[in-house]
Amino acid sequence: MRVVDLRSDTVTLPTEEMLEAIRTAKLGDDVYGEDPTVNRLEELAAERMGKEAALLTTSGTQANLVSVMAQTKRGDEVILEANAHLYYYEVGAFSVLGGLVPRLVRGHMGVMAPQDIEEALRPPNIHFPPTSLICIENTHNRAGGAMWSPSQMNAVFGLAKSRGLRVHMDGARIFNAAVAQNLDVREFTRYVDTLMFCLSKGLSAPIGSLAVGDREFIDRARRYRKMLGGGMRQAGVIAAPGIIAIEKMVDRLRDDHANAKLLATGLAKIEGVSLDPANVQTNIVLYDVTGLGVVAKEWVAKMGELGVKAGAQEGGWVRMVTHRGIEKDDIEYALSTAENVAEQIKKD
Ligand SMILES: Cc1ncc(COP(=O)(O)O)c(C=O)c1O
């Protein structure tokens, strides 16, 4: 049976070139700072992001956690968007392991308005935990891959600086935002103190993310990574495909965005399926199937029986993500499958 896996861009497999790079990578013990391939990846990531230094981590979750821990103290309050990945999907690590208190601000399509953040910032008072950090997410996963523009980021960064706060960006898919807005990624990163980005999503590397910021921050993050068991030895086998991810896989994200648009436009034509294709800005398509009288799980199960894999979220919300390996004819197959499933549901 034909399988079109649209659950996530994390399902991408490494390219042949990546596999060859793993086999031939120059290796050393990275805990001693002696893996030349890791050092090269970290220098490349820092340079691409316009910051002093970078740190390879096992995952986006670990990069977010070490980033947050390295610029807060236990008991601090952190401003997060109400649906932030850091808050919603990271097992509460920043509270459990970082000892931090979340203060949630609801955004519009993932973007927090500076005035809403301002309202959430509490004055110094013995009753309140002190706020030290604002976290933003670009692109925003639960908002369907929606983007912040540099000017929206600048507004929040300006507010943060006027209050002596730092800003961290969960930029798991920041290259998607940069490609979609036809801008150099530094146009975004200049408005944050620190960020993390993932190699293992649309960029197609098998493992790894990077935390990026100034050298002092990276030194602290490196200690936290070690504490969390993330000090890796011959990690050049992870870094080698990561270098190819950054150097060669960024521009192709455009194809994923075009495929996501095609998918969204087709889905919006199906009676009972609701979404606004204009909201699909990058490679994530979120749509609601409640109009068909089913919940997302039922829809996803029926699609899955016909080989099209999707993600079920709360209620009627379904998520599909485009990535390398998904071609235009896969999108056409997913759309005809969705039409058939919708017809079948209406008949039942
Ligand atoms: C926005 C965002 N941040 C962080 C992560 C965490 O990355 P990882 O799965 O590598 O831990 C993800 C993963 O999907 C994500 O979408």
Side-chain angles (χ1 to χ4, degrees), residues 5-14 45 54-69 78 80-94 96-98 102 107 109-112 133-148 153 167-178 180 185 188-189 192 194-212 221 224-225 228-230 232 235 238-239 241-242 245-246 253 256 260 281-286 309-313 317 319-324:
D5 193 346
L6 295 166
R7 286 170 303 165
S8 175
D9 47 9
T10 57
V11 302
T12 47
L13 298 175
L55 175 74
L56 175 65
T57 62
T58 58
S59 65
T61 301
Q62 190 181 58
N64 270 336
L65 181 59
V66 298
S67 297
V68 167
M69 288 175 81
V78 176
L80 296 153
E81 201 282 323
N83 274 300
H85 196 282
L86 248 163
Y87 173 71
Y88 203 94
Y89 287 127
E90 298 186 7
V91 211
F94 74 95
V96 179
L97 303 171
M109 289 190 64
V111 176
M112 295 180 282
L133 183 68
I134 299 173
C135 294
I136 68 168
E137 187 173 317
N138 195 9
T139 66
H140 194 292
N141 184 337
R142 282 182 59 81
M147 309 179 284
W148 290 65
M153 289 179 58
V167 178
H168 170 70
M169 173 166 67
D170 176 343
R173 297 184 182 80
I174 188 58
F175 282 115
N176 291 83
V185 73
F188 300 84
T189 58
V192 294
T194 65
L195 72 136
M196 83 84 169
F197 73 99
C198 294
L199 301 169
S200 58
K201 298 195 162 66
L203 300 187
S204 307
I207 306 171
S209 294
L210 286 123
V212 192
Y224 282 116
R225 186 190 68 171
L228 295 167
M232 299 174 283
I238 296 174
I246 295 176
L253 296 172
D256 299 344
Q281 301 171 353
T282 57
N283 69 329
I284 302 180
V285 180
L286 266 188
K309 297 187 181 181
Q313 300 196 335
W317 287 102
R319 190 181 86 142
M320 287 180 164
V321 186
T322 55
H323 51 82
R324 192 176 61 80

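In listed order, ligands and their atoms are each counted from 1. Numbering of residues begins at 1 and proceeds along the displayed sequence.
- Using the six-membered ring where Trp is involved, Phe94 and Tyr87 have ring planes that are tilted, between 30° and 60° apart.
- At least one side-chain heavy atom of Met112 sits under 4.5 Å from a side-chain heavy atom of Trp148.
- Sequence neighbours left out, the pairs with a member in residues 200-211 that pass side-chain hydrogen bond (donor to acceptor under 3.5 Å, both in side chains) are Ser204-Arg324.
- For the pair Glu137 and Glu81, the minimum side-chain heavy-atom distance is 4.5 Å or more.
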Pairs of nitrogen or oxygen atoms, one from ligand 1 and one from the protein, closer than 3.5 Å: please tabulate them with distances.
{"from": "ligand 1", "atom 1": "3 (N)", "to": "Asp170", "atom 2": "OD1", "distance (Å)": "3.0"}
{"from": "ligand 1", "atom 1": "3 (N)", "to": "Asp170", "atom 2": "OD2", "distance (Å)": "2.6"}
{"from": "ligand 1", "atom 1": "7 (O)", "to": "Lys201", "atom 2": "NZ", "distance (Å)": "3.0"}
{"from": "ligand 1", "atom 1": "10 (O)", "to": "Gly60", "atom 2": "N", "distance (Å)": "2.8"}
{"from": "ligand 1", "atom 1": "11 (O)", "to": "Gly60", "atom 2": "N", "distance (Å)": "3.4"}
{"from": "ligand 1", "atom 1": "11 (O)", "to": "Thr61", "atom 2": "N", "distance (Å)": "2.9"}
{"from": "ligand 1", "atom 1": "11 (O)", "to": "Thr61", "atom 2": "OG1", "distance (Å)": "2.6"}
{"from": "ligand 1", "atom 1": "16 (O)", "to": "Asn141", "atom 2": "ND2", "distance (Å)": "2.9"}
{"from": "ligand 1", "atom 1": "16 (O)", "to": "Arg173", "atom 2": "NH1", "distance (Å)": "2.8"}

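- At least one side-chain heavy atom of His168 sits less than 4.5 Å from a side-chain heavy atom of Met196.
- Residues Val96 and Val91 have side chains not in contact (no heavy-atom distance under 4.5 Å, counting atoms from C-beta outward).
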